[in-house]
Amino acid sequence: VKESGKNDCLLYSESWSNSSLERLTLQHEMYRAIQRSEFILHYQPQYDLDSCRMVGVEALVRWNHPLKGIIFPGSFIPLAEESGMIVQIGDWVLEEACRQNKAWQDAGLPPIPVSVNLSIRQFVQNDLATKVSAVLDKTGLDAKYLDLEITESMTMDVGHVSRCILALTELGVGISVDDFGTGYSSFHYLKNFPIDRLKIDRSFVRDIQQDPSDAEIVAAIIAMAHNLNIQVIAEGVETEGQMEFLRKHNCDEMQGYYWSPPVSSDNIEQLLSPSHI
Ligand code: C2E
Ligand code: CA
Ligand code: CA
Ligand code: CA
């Protein structure tokens, strides 16, 4: 279901981008979708490579469209970014992920952090740390169980983003750099921002066993991050061989289809419950 759904959405997205009318329609629908609670979150487990325990989850948004069915973020996040609506969607995602994580804890499940993707647009607002703090208060989630994933953007104001990140770390939330290695200034993040964790992009993980330079790059990223006291998680792990490579090179955590795709909150609840472990 998942894969075919994804392909359908890619086709939609191509035709949407060809027609400004359709883009406008989608934008309008996206606005209503917030009011109508059409967005849902799925969660992908993150595993510790030593213990093979689930040590976190990443919240990933989906749009449950009344006519088109499940739409994956690749088909609407770009338009949401362009139109600025990513800020409202992002606010919803943040609050929902915190609410859900607190609900798991209240149900007696072992506490784990939830990772939330932030758009650089959400950094442009001056009050991001205030907003995050208000959401933590409202949902009752302890800051240490929230991790924020940021990706680099060429248009960002480094000084502003760095002050934002500092304010966020002062709240006690974790900061991860997403898609590490794909941008132009990944190293700026390490140098300028107090980050806790980096996520090795899946484009490096994919050919780790076939391509010697990818293998070298991944091994070097892990070693460098550890020297800087930064944790490393590998994304897009699909095979046992990739996992063994990562384990051998002391990568801390992994996320990928090999263990689990993103799943519903009910499924996470089952994975977390003692009877499953
Ligand atoms: P991302 O943050 O890099 O998230 C990981 C994506 O890789 C997810 O796609 C996930 O389903 C997919 N994935 C996980 N494991 C594997 C694997 O083993 N193999 C392969 N081929 N793929 C894997 P998804 O859910 O379609 O999300 C796509 C992107 O949309 C995310 O990439 C993220 O950039 C963005 N996104 C998702 N949710 C949000 C959100 O709430 N806010 C913002 N701003 N962006 C979001
Ligand atoms: Ca992410
Ligand atoms: Ca990523
Ligand atoms: Ca380890």
Side-chain angles (χ1 to χ4, degrees), residues 1-10 12-13 30 33-34 38-47 56-64 70-98 100 113-125 128 132 135 146-153 174-183 186 189 195 197-208 221 232-243 246 253-264 267:
V1 175
K2 190 170 180 302
E3 284 310 314
S4 70
K6 210 159 198 167
N7 289 336
D8 290 347
C9 292
L10 283 177
Y12 276 125
S13 114
M30 207 155 40
I34 298 173
E38 289 171 9
F39 291 109
I40 54 169
L41 292 184
H42 278 180
Y43 298 88
Q44 186 173 32
Q46 302 172 332
Y47 289 88
V57 288
E58 176 177 7
L60 294 156
V61 71
R62 278 93 183 81
W63 180 359
N64 193 1
I70 298 279
I71 306 181
F72 286 85
S75 302
F76 65 91
I77 292 281
L79 183 59
E81 295 258 3
E82 226 178 89
S83 64
M85 213 166 298
I86 191 66
V87 174
Q88 283 98 307
I89 296 173
D91 285 352
W92 178 83
V93 169
L94 177 68
E95 184 168 334
E96 174 59 17
C98 291
Q100 178 63 71
V114 65
S115 298
V116 171
N117 291 284
L118 285 187
S119 156
I120 202 73
R121 282 264 197 169
Q122 293 172 273
F123 276 98
V124 175
Q125 311 168 306
L128 184 60
V132 170
V135 168
L146 176 63
D147 178 81
L148 300 174
E149 296 193 1
I150 56 175
T151 45
E152 72 183 72
S153 152
I175 303 288
S176 297
V177 176
D178 205 355
D179 306 334
F180 186 84
T182 57
S186 295
Y189 272 88
I195 63 166
R197 184 167 81 152
L198 63 81
K199 304 189 75 174
I200 302 180
D201 190 69
R202 76 164 172 269
S203 57
F204 296 107
V205 174
R206 193 182 45 222
D207 301 325
I208 225 173
I221 291 175
V232 184
I233 177 165
E235 295 193 284
V237 179
E238 295 183 352
T239 69
E240 183 164 11
Q242 292 166 342
M243 183 181 70
L246 293 161
E253 295 172 17
M254 56 152 275
Q255 181 180 342
Y257 295 165
Y258 179 70
W259 283 82
S260 172
V263 296
S264 72
N267 282 323

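Indexing begins at 1, ligand by ligand and atom by atom, following the structure's order.
- The shortest distance between side-chain heavy atoms of Arg62 and Phe76 does not fall below 4.5 Å.
- Put simply, the side chain of Glu235 never gets that close to the backbone of Gln255: no donor and acceptor are under 3.5 Å apart.
- With a heavy-atom cut-off of 4.0 Å, Asp178 touches ligand 1 through its side chain alone.
- Less than 4.0 angstrom separates some heavy atom of Gln44 from each of these atoms of ligand 1: 14 (C), 15 (N).
- Within ligand 1, the atoms closer than 4.0 Å to a non-hydrogen atom of Glu235 are 3 (O), numbered from 1 in the order shown.
- Because the distance cut-off is set at 3.0 Å, Glu235 fails to qualify as a neighbour of the Ca ion (ligand 2), as none of its N, O or S atoms comes that close.
- With a 4.0 Å cut-off on non-hydrogen atoms, Arg202 touches ligand 1 through its side chain and not its backbone.
- Between Asp201 atom CG and Thr182 atom OG1 the span is 5.0 Å, to the nearest 0.5 Å.
- Among heteroatoms of the N, O or S kind in Asp178, OD1 lies nearest the Ca ion (ligand 3).
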Going by atom type alone, with no hydrogens or angles, which donor-acceptor pairs under 3.5 Å involve a side-chain atom of residues 115-122 and a protein atom two or more places apart or on another chain?
residue: Ser115; atom: OG; partner: Asp147; partner atom: OD2; Å: 3.2
residue: Ser115; atom: OG; partner: Arg197; partner atom: NH2; Å: 3.2
residue: Asn117; atom: ND2; partner: Glu58; partner atom: OE2; Å: 2.8
residue: Asn117; atom: ND2; partner: Ala59; partner atom: O; Å: 3.4
residue: Ser119; atom: OG; partner: Glu81; partner atom: OE1; Å: 3.0
residue: Ser119; atom: OG; partner: Glu81; partner atom: OE2; Å: 3.4
residue: Ser119; atom: OG; partner: Arg121; partner atom: N; Å: 3.0
residue: Arg121; atom: NE; partner: Glu81; partner atom: O; Å: 3.0
residue: Arg121; atom: NH2; partner: Glu81; partner atom: O; Å: 3.0
residue: Arg121; atom: NH2; partner: Glu82; partner atom: O; Å: 3.1
residue: Gln122; atom: OE1; partner: Ser119; partner atom: N; Å: 2.9

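- From Glu38, atom CD reaches atom CD1 of Ile70 across 10.5 Å, with rounding to the nearest 0.5 Å.
- Counting all heavy atoms, side chain and backbone alike, Phe39 lies closest to Ile89 at CZ-CD1, 3.8 Å.
- Counting heavy atoms from C-beta on, the side chains of Pro73 and Leu60 never come closer than 4.5 Å.
- Here the shortest heavy-atom pairing between Met243 and Val237 reads N-CG1, 4.0 Å.
- Checking only distances, Val61 does come within under 3.5 Å of ligand 1, N or O to N or O.
- Note on Glu149: not counted as a metal contact of the Ca ion (ligand 3), no N/O/S atom lying under 3.0 Å.
- The two residues Trp63 and Ala33 make their nearest non-hydrogen contact at NE1-CB, 3.6 Å.
- Considering only non-hydrogen atoms, atom 23 (C) of ligand 1 lies nearest to Tyr257 out of Phe39, Tyr257, Tyr258, Trp259.
- At a cut-off of 3.0 Å, Asn117 is counted among the residues with an N, O or S atom near the Ca ion (ligand 2).
- Within the model, atoms CD1 of Ile175 and CD1 of Ile195 stand 9.0 Å from one another, a figure rounded to the nearest 0.5 Å.
- Around atom 20 (C) of ligand 1, the closest heavy atom drawn from Glu96, Glu238, Met254, Gln255 belongs to Glu238.
- Residue Pro262 places a heavy atom less than 4.0 Å from ligand 1.
- Both the backbone and the side chain of Asn117 come within 4.0 Å of ligand 1, judged by heavy-atom distances.
- Here the straight-line distance linking atom CE of Met30 with atom CD of Gln88 works out to 9.5 Å at 0.5 Å rounding.
- Among heteroatoms of the N, O or S kind in Glu58, OE2 lies nearest the Ca ion (ligand 2).
- Tyr258 and Thr239 make their closest contact through CD1-C, 3.7 Å (heavy atoms, listed as atom of the first residue, atom of the second, distance).
- Taking every heavy atom of Val93 and a limit of under 4.0 angstrom, the matching atoms of ligand 1 come to 41 (O).
- Applying the 4.0 Å criterion to heavy atoms of Asp179 picks out, from ligand 1, the atoms 3 (O).
- In this structure, the side chain of Gln242 engages the main chain of Glu238 through a donor-acceptor pair within 3.5 Å.
- The residue from Arg62, His42, Glu58 that puts a heavy atom closest to atom 25 (O) of ligand 1 is Arg62.
- Using a 4.0 Å cut-off between heavy atoms, Val237 contacts ligand 1 through its backbone alone, with no side-chain atom that close.
- Of the listed options Pro73, Gly256, Ala59, Pro73 places a heavy atom closest to atom 37 (C) of ligand 1.
- For ligand 1, the atoms lying closer than 4.0 Å to a non-hydrogen atom of Ile86 are 44 (N).
- For the ligand labelled ligand 1, residue Gly74 lies outside the 4.0 Å heavy-atom shell.
- Residue Asp179 counts as close to the Ca ion (ligand 3), with an N, O or S atom under 3.0 Å.
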